[in-house]
Amino acid sequence: MFGLADCNNFYVSCERVFNPSLDGIPVVVLSNNDGCVISRSQEAKKLGISMGEPLFKIKELVRRENIRVFSSNFALYADMSSRVMDTISALVPSAEIYSIDEAFLNLEGISAHELSSLAKKITGKVRKDTGIPLSLGISHTKTLAKVASKLCKKYPRLNNNCIMVKNGDIEKVLGKFPVGDVWGIGRQYSAMLESNGVTNTLDFTKRNPTWVRAKMNITGLKTWRELNGDPCFGVEENIPDKQQICTSRSFAKDVYDHEEVVRAVAKFTSSCAQKLRQQNGVVGKIIIFFYTNPFRENVTKDYRSIVIPLDLPSDNTLELVKITCRSVIPYLKQGCGYKKAGVIFSSISRKEQTPGVLFDSRDREKSDRLMKCLDSVNSRYGRETLITATQGPEKILYNMGHLSPKYTTNWDDIIKVVL
DNA sequence: TCTGGGGTCCTAGGACCC
DNA sequence: TCTGGGGTCCTAGGACCC
């Protein structure tokens, strides 16, 4: 048996834990740079605000309905997430943290009559200990458990628990479940299925597997099998190393001063390097991209991505920043106002498994000591206490005008709240 | 004026090997 | 009429996820 635990309206719920005046009223949380809506309270959903809606398109609605708006406070959400995940993990044989607000549960060895009380225990304890409302779906496969958890959100009378195990029940549910809402079936496939006469999920499960394989490849076939009760995915406990690490941001304005773009690239590179060292990796290839505002007309447009293969794999912020900044300069076009830039680390390998290089003149021990020092200063005194000179004092602005306090991770904010 | 930021897996096709 | 047979590795692009 598999479970899927999914926090309801997670970012909004995090804001509400520390600010109960937000209960019962419409609340939304915005993406970085205050661009789009990425989390909505039930009341906000009722007002017709959809996921990914740009803020400027609903300005009038926000004013009229008195909707409370928040910038994304990822320090807070990440900390709340780990509290939720710890609470869940303590109650089940094992769990896979699937995203910031979701976990798959391995319910092996738990008898059918115990499931219901366990489910109540999990949602109850998470609510009590962390303040976060949680939906829990249970079924024979991960994909079916996902369906069950979505039912919780649709039917309040389920009380956030949905155990979907009887064949008759499953058929009834799938007969009404839109195929596009199934985990693994996105926009393209649901359009394709619809044009082939498949609308609900039960229709899909009745299709011939050969047809599914031909139209949707092996991934689609696995989804089909899972919906038919045949598990294809297990609960993965060990978090694998990332194969790619990316840091990118949109800027508040179009940036014409190219020195500012270079500084941003330095900042993104440092951030990637720090994430890279956390998993003891070294990077073999870097991709830098930057572009002008794609939504704006009548301006000089530019979109570029630069691929830099490294001769010597590295995890040293100073080396990497030097490389990315030097590489980006010749490609920035005069007269272009850049709106977004990013850095991707690719071809990542584990440091201890990377062979040495014959003509490597670098002093790796010294480099390791320096990076260790850099990371420990920044972890102790705050993320950008120690930065490269190239990164310089920050000038590029990011819109983050509705940020709540870091209630759980920043001492100044904690003290403010307590007082 | 204002439009997010991360990731994964799979496949086809090209370049290469003997 | 006739043009080998068996592989691997890499990359770009397309689909998906939250």
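Every chain is numbered from 1 and lettered A, B, ... according to where its sequence line falls, protein lines coming before strand lines.
Judged by distance alone, with hydrogens and angles left aside, the side-chain atoms of Ser94(A) form no donor-acceptor pair with the main-chain N or O of Asn106(A) at under 3.5 Å. With hydrogens and angles disregarded, no donor-acceptor distance shorter than 3.5 Å links the side chain of Asp79(A) to the backbone of Ala75(A).
Here dC2(B) presents its C1' atom at 13 Å from CD of Glu53(A), a figure rounded to the nearest Å. Between the CG atom of Asn33(A) and the P atom of dC2(B) there is a distance of 10 Å, rounded to whole Å. As a whole-Å value, the separation of Met51(A) CE from dT3(B) P is 17 Å. dC18(C) atom C1' lies 14 Å from atom CZ of Arg40(A), rounded to whole Å. The separation between Phe233(A) atom CZ and dC17(C) atom P is 11 Å, rounded to whole Å. Rounded to whole Å, the distance from CG on Asp34(A) to C1' on dG5(B) is 14 Å. Asp241(A) has its CG atom 13 Å from the P atom of dG7(B), to the nearest Å. Rounded to whole angstrom, the span from the OH atom of Tyr189(A) across to the C1' atom of dG14(C) amounts to 8 Å.
Val37(A) comes within 4.0 angstrom of nothing in the nucleic acid, heavy atoms only. Counting any heavy atom pair closer than 4.0 Å across all strands shown, Asp101(A) reaches sugar-phosphate atoms only and no base atom. Within 4.0 Å (heavy atoms only), Ile245(A) reaches sugar-phosphate atoms of the nucleic acid but no base atom. Within the 4.0 angstrom heavy-atom criterion, no nucleotide atom of any strand lies near Leu30(A).
Taking the six-membered ring for Trp, Phe104(A) and Trp183(A) have ring centres closer than 6.0 Å.
Between Thr247(A) and Ile218(A), the one whose closest nucleotide on DNA chain B sits nearer the 5' end is Thr247(A). Taking the nucleotide of DNA chain B with the nearest heavy atom to each of Lys222(A) and Lys275(A), the more 5' of the two is matched to Lys275(A).
Among the nucleotides dG4(B), dC10(B), dG7(B), the one closest to any side-chain atom of Lys242(A) is dG7(B). Of the candidate nucleotides dC17(C), dT3(B), dA15(C), dA15(C) has the atom nearest to the side chain of Gln188(A). Set against dC18(C), dG7(B), dC9(B), the side chain of Gln243(A) has dC9(B) as its closest nucleotide. Out of dG4(B), dG5(B), dC17(C), the shortest distance to the side chain of Trp183(A) is found at dC17(C). Picking from dG6(B), dG5(B), dC17(C) the nucleotide with the shortest atom distance to the side chain of Tyr98(A) gives dC17(C). The side chain of Pro54(A) has dT3(B) as its nearest neighbour among dT3(B), dG4(B), dG5(B). Comparing atom distances between the Ile38(A) side chain and each of dG4(B), dT3(B), dC10(B) picks out dG4(B) as nearest.
At dT11(B), one or more side-chain N or O atoms of Arg213(A) fall inside 4.0 Å of OP1 or OP2 (strictly under the cut-off). Taking side-chain N and O atoms only, Lys146(A) has no distance below 4.0 Å to OP1 or OP2 of dC16(C). For dG6(B), one of the phosphate oxygens OP1 or OP2 lies less than 4.0 angstrom from a side-chain nitrogen or oxygen of Arg249(A). The phosphate of dT3(B) (OP1 or OP2) has a side-chain N or O of Asn293(A) nearer than 4.0 angstrom. Taking only side-chain nitrogens and oxygens, Lys253(A) never comes nearer than 4.0 Å to OP1 or OP2 of dC2(B). A sub-4.0 Å separation between OP1 or OP2 of dG5(B) and a side-chain N or O of Ser250(A) is present.
When the C1' atom is compared between dG4(C) and dC17(B), the two are found 15 Å apart, to the nearest whole Å.
Aromatic ring pairs are classed by plane angle as parallel below 30°, tilted from 30° to 60° and perpendicular above 60°; the pair Tyr11(A) and Phe74(A) is perpendicular.
Remark: ring of Phe295(A) stacked against base of dT3(B); centroid gap under 5.5 Å, plane tilt under 30°.
As the counterpart of dC18(B), dG5(C) is assigned, both hydrogen-bonding distances of the Watson-Crick or G-U wobble pattern falling under 3.5 Å.
A cation-pi geometry, defined here as NZ or CZ lying under 6.0 Å from the six-membered ring centre and within 45° of its normal, does not hold between Arg207(A) and Phe204(A).
Glu15(A) and Tyr407(A) form no side-chain donor-acceptor contact under 3.5 Å, judged by distance and modelled atom types alone. In this model, a donor atom of one side chain and an acceptor atom of the other lie less than 3.5 Å apart for Ser50(A) and Glu53(A).
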